[in-house]
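Here is the structure we will look at, set down as structure tokens.
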Amino acid sequence: MTVADEESALLGLAPVAPDRTVAYGPHPDQLVDVYLPRGDGAPAAARGPVVVLLHGGFWRAAYDRRHLSPLAAELAGRGLPVALAEYRRVGAGGGAPQTFEDVTAGIDAACAALAPEAPGSSPVLVGHSAGGHLALLAAARPGTPVARVLAVSPVADLARAHALGLSGGAVAELLGAGPGFPARLAAADPAQRPPAGIPVTILHGTDDPDVPPELSRRYAARGPATTVLRELPGVGHYAPVTPGSPSCDVLTRLLCRPSST
């Protein structure tokens, strides 16, 4: 699969329905889809962690959680309990601060939904693209109830993303232009807010045309020793979250065997 084919390979997959959906607020996008573990029947703690997924799409309403449902189902098929969180996005009641508030509430709801599958276990928070930005931002918030963060192709340096004008000015759309923008940018920029004692692993393709890998390199260079950047040579933006691709196998191995680097 070439980099040019990656987007169509992921978006061409049929969405997979969850086992159940939990609402965490009155808005139609304040939802968490739960995918129950399947596989060998061993306790989840013996196979790997519970997982909370945050999707990307440059924080815009045009992109919803359904494109990550095949990944959620793939992980559940490997015996991992998974919660795929939705949140309000730009163009449908989202943007700052609503998107950030929903991610906080969505993570809490996901943890509660997954608790019966692995009592006492703190989940791994996995985010792709803009969802990777939201996952890294959550890692900087004291008290976030996750064990570690795995950010895939993340918008890890928001100031640099804004300077580059990624996706037609998506950062300004998220935060709202005008007075106070620099302060809002600093508050929402993971590169300026180190993780609060939560280990972070970043996966980023070296040929990513949508989110340049330099953003992850800049984040990792500023992060603590518990921050690990793993680059995927020749890989673009979508393959790491596309079931069946070699780079998605890397993601799965990192989830199932946390010591892998």
Side-chain angles (χ1 to χ4, degrees), residues 24 32-33 49-60 63-65 67-68 71-72 75 80 82-89 94 96-111 114 122-158 161 166 170-171 174 187-205 208 210-211 213 215-220 222-224 226-230 237-238 240-241 248 250-252 254-255 258:
Y24 62 87
V32 172
D33 289 338
V50 295
V51 177
V52 177
L53 286 179
L54 297 174
H55 73 85
F58 278 108
W59 312 280
R60 293 180 175 128
Y63 305 91
D64 64 21
R65 68 193 184 284
H67 69 272
L68 279 197
L71 175 62
L75 295 176
L80 307 182
V82 180
L84 175 55
E86 190 58 275
Y87 49 90
R88 287 173 288 176
R89 302 170 309 287
Q98 292 89 347
T99 294
F100 305 140
E101 293 169 350
D102 278 8
V103 169
T104 298
I107 291 171
D108 288 342
C111 290
L114 295 176
S122 296
V124 178
L125 181 59
V126 180
H128 174 242
S129 193
H133 158 261
L134 296 170
L136 293 174
L137 197 59
R141 189 178 69 248
T144 297
V146 299
R148 56 193 175 99
V149 166
L150 179 53
V152 186
S153 313
V155 187
D157 189 316
L158 212 60
L166 292 190
V171 173
L174 170 69
D189 193 346
Q192 300 186 47
R193 302 184 63 189
I198 297 174
V200 169
T201 299
I202 296 176
L203 288 181
H204 211 134
D208 189 332
D210 298 288
V211 179
L215 272 62
S216 289
R217 294 168 187 153
R218 289 165 64 96
Y219 177 92
R222 301 175 186 177
T226 52
T227 300
V228 175
L229 170 60
R230 177 163 179 167
H237 190 65
Y238 296 95
V241 293
C248 190
V250 174
L251 182 154
T252 302
L254 287 173
L255 282 173

>> I'd like to know whether Asp157 forms a side-chain contact (heavy atoms from CB on, under 4.5 Å) with Asp189, so could you lay out the CA-CA distance, the side-chain angles of the two residues, the decisive distance to 0.1 Å, and finally the verdict.
In response: CA-CA 6 Å; Asp157 189 316; Asp189 193 346; 3.8 Å; yes

> Which distance, rounded to the nearest 0.5 Å, do you find between the OH of Tyr219 and the OG1 of Thr227?
Replying inline: 5.0 Å

> Which atom names give the shortest non-hydrogen contact between Pro145 and Ser122, and what distance separates them?
Replying inline: O-CB, 4.3 Å

> Picking from Leu80, Val51, Val52, Val32, what satisfies side chain to side chain contact (heavy atoms under 4.5 Å, CB included) with Leu114?
Replying inline: Val52

>> Any heavy-atom pair between the side chains of Leu174 and Phe100 that's under 4.5 Å?
In response: yes

> In Å and rounded to the nearest 0.5 Å, what is the OG to CG distance from Ser129 to Leu134?
Replying inline: 10.0 Å

> What distance do Leu75 atom CG and Leu53 atom CG have between them, rounded to the nearest 0.5 Å?
Replying inline: 6.5 Å

> Do you know which two heavy atoms are closest between Ala110 and Ala83, and how far apart they sit?
Replying inline: CB-CB, 3.6 Å

> Where do Val155 and Ala161 come nearest, in terms of heavy atoms and distance?
Replying inline: CG1-CB, 3.6 Å

> Judged by atom type as modelled, is there a donor-acceptor pair below 3.5 Å linking the side chain of Arg89 to the main-chain atoms of Tyr63?
Replying inline: yes

>> My understanding is that only residues two or more places apart in sequence, or in another chain, count here; which of them pass ring-ring contact (aromatic ring centres under 6.0 Å, His included) with His204?
In response: none

>> Minimum heavy-atom separation for Ala130 and Gly57, please, with both atom names.
In response: CB-N, 4.2 Å

> Which atoms form the tightest heavy-atom contact between Pro199 and Ala147, and what is the distance?
Replying inline: CD-O, 3.4 Å

>> Going by side chain to side chain contact (heavy atoms under 4.5 Å, CB included), Ile198 matches just one of Leu125, Leu136, Thr144. Which one?
In response: Thr144

>> Rounded to the nearest 0.5 Å, what separates atom OH in Tyr24 from atom CD1 in Ile107?
In response: 9.5 Å

> His133: what forms a side chain to side chain donor-acceptor pair (under 3.5 Å) with it, not counting sequence neighbours?
Replying inline: Trp59

> Which heavy atom of Arg65 sits nearest a heavy atom of Ala85, and at what distance?
Replying inline: CB-O, 4.4 Å

> Which value, rounded to the nearest 0.5 Å, describes the distance between Leu137 atom CG and Leu158 atom CG?
Replying inline: 8.5 Å

> What orientation do His128 and Tyr238 show, parallel under 30°, tilted 30 to 60°, or perpendicular over 60°?
Replying inline: tilted

> Among Leu54, Leu251, Val250, which residue meets the side chain to side chain contact (heavy atoms under 4.5 Å, CB included) test with Val152?
Replying inline: Leu251

>> Please check this pair: side chain of Arg222 against backbone of Pro194, looking for a donor-acceptor N/O pair closer than 3.5 Å.
In response: no

> In Å, rounded to the nearest 0.5 Å, how long is the span from OG1 of Thr99 to CZ of Arg60?
Replying inline: 12.5 Å

